[in-house]
Amino acid sequence: PTMPPLLGSPAIDAAPTSASATGQRGVPRPYGGVADIGAVEVVAFVVSNNTDSDAGSLRSTLAEAAAYSPSVRTLVSFDAALSGQTITLASELAVTSDLWLDGSTLTEGITLSGNNSSRVLNISAGTTVDLNRLTITAGMTGADSDGAGCLNAGGLTVRHSTVHGNASGRHGGGIANSGLLTVVNS
């Protein structure tokens, strides 16, 4: 199988032209204006507000991104106007598709909060998720639950991020892991 470009790859949006109408995974080329170099086209979404569930929210954007799974690993980033803001969740975000969740373009970062009432992220088995430059905080689980910040059953990479102030009723206040976990500069 073909592999998508890595987050931050110079191959993303860098092909001067494309002879193919679609990438090898069926995504139209170019996606987003300029084709990627290579066989796989990266599909990108932008979160445009800090509400919990309105159009343009992180929750609705994750649902849109899931429509491309399992054939494409999507990139979810944040509008520059969200720099320094907090997305307060009413319930956990279930991550069921392969994606990059990337806050690297925000000068003041972005915070995902469980509002001391729910887990922040629940990453499903069989998914590959890369979190970059995020703060995950105020996750809370009950007496019989693990992973208040993140409950990971998939493949999770946490890069340049902060996970703090989460409280689990059992194990893994910040992250409870039963999958593959990689932590880089976090």
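Counting from 1, the numbers follow the sequence of the chain as shown.
At distances below 3.5 Å, not a single donor-acceptor pair connects side-chain atoms of Asp13 with backbone N or O atoms of Asp36. Judged by distance alone, the side chain of Ser161 and the main-chain N or O of Arg159 form a donor-acceptor pair under 3.5 Å. Judged purely by atom type and a 3.5 angstrom limit, Ser186 uses its side chain to pair as donor or acceptor with the backbone of Val184. Checked by atom type and distance alone, the side chain of Ser9 pairs as donor or acceptor with a backbone atom of Ala11 at under 3.5 Å. Checking side-chain atoms of Arg59 against main-chain N and O of Ser91 turns up a donor-acceptor pair under 3.5 Å. Side-chain N or O atoms of Asn115 include none that pairs as donor or acceptor with a backbone N or O of Ser117 at under 3.5 Å. Side-chain atoms of Thr127 never come within 3.5 Å of backbone atoms of Asp98 as a donor-acceptor pair (strictly under, hydrogens ignored).
In plain terms, the two heavy atoms of Ser57 and Thr51 that are nearest each other are CB-O, 3.3 Å. Of all heavy-atom pairs spanning Ala138 and Ser113, the tightest one is CB-OG, 3.5 Å. Across Ser178 and Ala153, no two heavy atoms sit closer than the pair OG-CA, 3.6 Å. Here the closest non-hydrogen pair linking Arg119 and Gly149 is CG-O, 4.3 Å. Of all heavy-atom pairs spanning Ala167 and Ala148, the tightest one is O-CB, 3.3 Å.
A heavy-atom distance below 4.5 Å is found between the side chains of Thr74 and Phe45. Side-chain contact between Phe78 and Ile87 is present, with at least one heavy-atom pair separated by less than 4.5 Å.
Ile123 and Val183 fall within a single hydrophobic cluster, where Ile, Leu, Val, Met, Phe, Trp and Tyr are joined by side-chain heavy atoms under 4.5 Å apart, directly or via other members. When hydrophobic clusters are built by joining Ile, Leu, Val, Met, Phe, Trp and Tyr residues whose side-chain heavy atoms come closer than 4.5 Å, directly or via intermediates, Leu62 is not grouped with Leu151. Val120 and Met140 end up in different hydrophobic clusters when Ile, Leu, Val, Met, Phe, Trp and Tyr side chains are linked at under 4.5 Å. When the side chains of ILVMFWY residues are joined at heavy-atom separations under 4.5 Å, either directly or via intervening members, Leu131 and Leu181 end up in a single hydrophobic cluster.
Between atom NE2 of residue His164 and atom CD1 of residue Ile136 there is a gap of 10.5 Å, rounded to the nearest 0.5 Å. For the atom pair CG (Asp54) and OG (Ser48), the distance works out to 9.5 Å, reported to the nearest 0.5 Å. Atom CG in Leu156 sits 8.0 Å away from atom OG1 in Thr182 (nearest 0.5 Å). Between atom CG of residue Leu180 and atom OG1 of residue Thr128 there is a gap of 8.5 Å, rounded to the nearest 0.5 Å. Note: Asp79 CG to Thr105 OG1 = 8.5 Å, rounded to the nearest 0.5 Å. Remark: Thr61 OG1 to Asn49 CG distance equals 8.0 Å, nearest 0.5 Å.
Between Leu58 and the choices Leu101, Asp52, Asn50, Ile110, the side-chain contact (heavy atoms from CB on, under 4.5 Å) rule is met once, by Leu101.
Evaluation of the side chain to side chain donor-acceptor pair (under 3.5 Å) test over residues 133-156, restricted to residues two or more places apart or in two chains, returns Thr141-Ser168, Asp146-Arg170, Asp146-His171, Asn152-Asn177.
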